[in-house]
Amino acid sequence: MSGTIDSILVENRVFEPTADFIAQAAVPGMDAYRALYDEARDDPDGFWARMAREQLLWRKPFTRVLDESDAPFYRWFDDGELNVSENCLDVHLSNGNAEKTALIFEADDGTVQKVSFRQLHARVCRIANGLKSLGYKKGERVIIYLPMSIEAIACMQACARLGLIHSVVFGGFSTKSLHQRIVDVQASLVITADEQMRGGRAIPLKAAVDTALTEEGTDLVRHVLVYRRSGGQVTWHADRDIWLHDIEAGQADTCEPVAVGAEHPLFILYTSGSTGKPKGVQHSSGGYLLWAKLTSQWVFDAKPEDVFWCTADVGWVTGHTYITYGTMAAGLTQIVFEGVPSYPDSGRFWKMIERHKVSIFYTAPTAIRSLIKAASADPAVHPSNYDLSSLRLLGSVGEPINPEAWMWYHENVGGARCPVIDTWWQTETGGHILAPLPGATPLKPGSCTLPLPGISVDVVDESGQSLPDGRGGFLVITRPWPAMIRTVWGDADRYANSYFPPEMQGFYLAGDSAQRDSDGYYWIMGRTDDVLSVSGHRLGGTEIESTLVAHEQVAEAAIVGRPDPVSGEAIVAFIILKGDLPDETQAIAIAGQLRDWVAREVGPIAKPRDIWFGNALPKTRSGKIMRRLLKIVAQGEEVTQDTSTLENPDTLKQFRGAY
Ligand code: WT7
């Protein structure tokens, strides 16, 4: 862990909610927020029990709320039973919303397909029946490796309906990541597509699955289900491969939901930690869904007539909570987008908001920054060319949003009338933790504001002692909450050690540094570990390093992040080759090969932007790579800091780059 840092905040602008917004809001005004907050703080069990009874449909009512007897392995509502898919779909068939549009899918090429809650329910039931007929049973693990599609959401929901535990792998990852996850969850089923369409190009998916399944440890996989998206060529293994449409054909439109215990794992989602392989974050059924639904309603102020668009992929937690589960349980009409913001041009998002009359738009600062850049280069794709009057709320997630990007978003996209809701949370938290309530919280650009009702957070020093306002420190969550990570799949010790280290006195350690201002507002300063944030995606430096070292020409590798105005951080690799230091021509060629290698093994999102070559990495006397110093070199700057702990301070001068 690095030490604490204090930084000076100069941000005095405050945006109060408008009277119109307050008048219709789910949580109207700061007094309403405080009342909820205090209720939850003073009687947590009573508060959570009330919420869980009001929000969810239980097959068997719970009698216990929070069981802390085996902390930090907390259990919520653990003698209750429910089915998540029933709570997301069936509930809308009997409340008058059956014909309401559940999903509006827009393909990469602009083709649109809509499904109502009734149609989506039927589709999920047919897929679930198909899975049942293949013999899949509650508790088995399913890897989902699909493009953004109605099918991806329907397959996740079909798993939930049967109590199958899914683990979605983002389509931007490839063979090695896929293989690692198949082995780690001991998957018996993989669901994929022939290809995915992004930015006018077809990218193979099934081929990556085929390769992953030739590797060791994948023998438990009985079937590969294939969604035909592009019609592109695939290699077929008749003993194992089945088309998704074939298992759906002839199946009934109804499927009895399987009741599961509230603590039954709903999904496992891998995320990068500071060391070693990615962690399989295990989420529950009851507590997770409760918080996913509640935050959808509170933070997005969801209304029946809203058209909600979260631009995340279901390969990330944002897509799980605010596309597949929470927002669906809340009954919202949602946009599902297959493509990328820059195709066919960088006006795509604005055009889609206009076309589908989107009222709530939730995206990442990296996307906003890239669209600011595009709009200043080409006025034709500036948001002012589009009718964005349907918007009433804007959200941001994934990394700190710099006040200038916040202001641009507020003025140019939101027409200065929409609150900008900056939501801080993590794969592990299951749902929003720090976020404004749009009809209550005065906004400050760049701050994710206050903890939500039911959530207790603090900023502490390295021994877990609370720090005064204005001091930078470690962000911790001091009380358990229903949607919290339950464990790291298959590695309970890692869960306890990484999230509840002894010095933090039982608090959940988020891995971010933060400070609180004199109004109690939180400002996130960044990660305290070696995790990089690239275009809002969390990537572990160590994973990329291991992949590079596995290349036949590489002896050693170190990965650091370099600040980048658009992507947040750019991946920079420092490479020591097995042979001599390459000359210019060789360096260009090898850098290209190494990028291709990382793209093939880990995925295109993990490709290093810059590659530097040298004869040795800077190390401490105990052999630890000094990434802190490499970060300075990566920015093309001279290292002026004290390097006395380095074994050989000259190593910093010998790097050649960047390629
Ligand atoms: C990390 C979690 C939560 C869904 C997407 C990312 C950073 C996330 C914010 C925000 C500042 C943020 C943190 C966090 N982060 N949201 N609003 N302001 N930083 O999930 O991949 O698990 O990454 O993303 O560093 O720890 P994730």
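By convention here, the first residue in the shown sequence is residue 1. As the structure is a prediction and not an experimental result, all values here were calculated from the model. Counting starts at 1 for both ligands and their atoms, in listed order.
In this structure, Y288 has its ring center under 6.0 Å from that of F267.
Ring geometry for W309 versus F349: interplanar angle over 60°, hence perpendicular rather than tilted (30 to 60°).
Donor-acceptor pairing under 3.5 Å is lacking for the side chains of E428 and T271.
Protein residues with a heavy atom closer than 4.0 Å to ligand 1 are V317, T318, V397, G398, E399, P400, D422, T423, W424, W425, Q426, T427, D512, I524, R527, R538, listed by chain and number.
Applying the salt bridge (Lys or Arg N to Asp or Glu O under 4.0 Å) rule to pairs touching residues 318-341 yields R229-E338, sequence neighbours excluded.
Not a single ring-ring contact (aromatic ring centres under 6.0 Å, His included) links Y74 to another residue, sequence neighbours left out. Evaluation of the ring-ring contact (aromatic ring centres under 6.0 Å, His included) rule for F73 yields Y495 as partners, not counting sequence neighbours.
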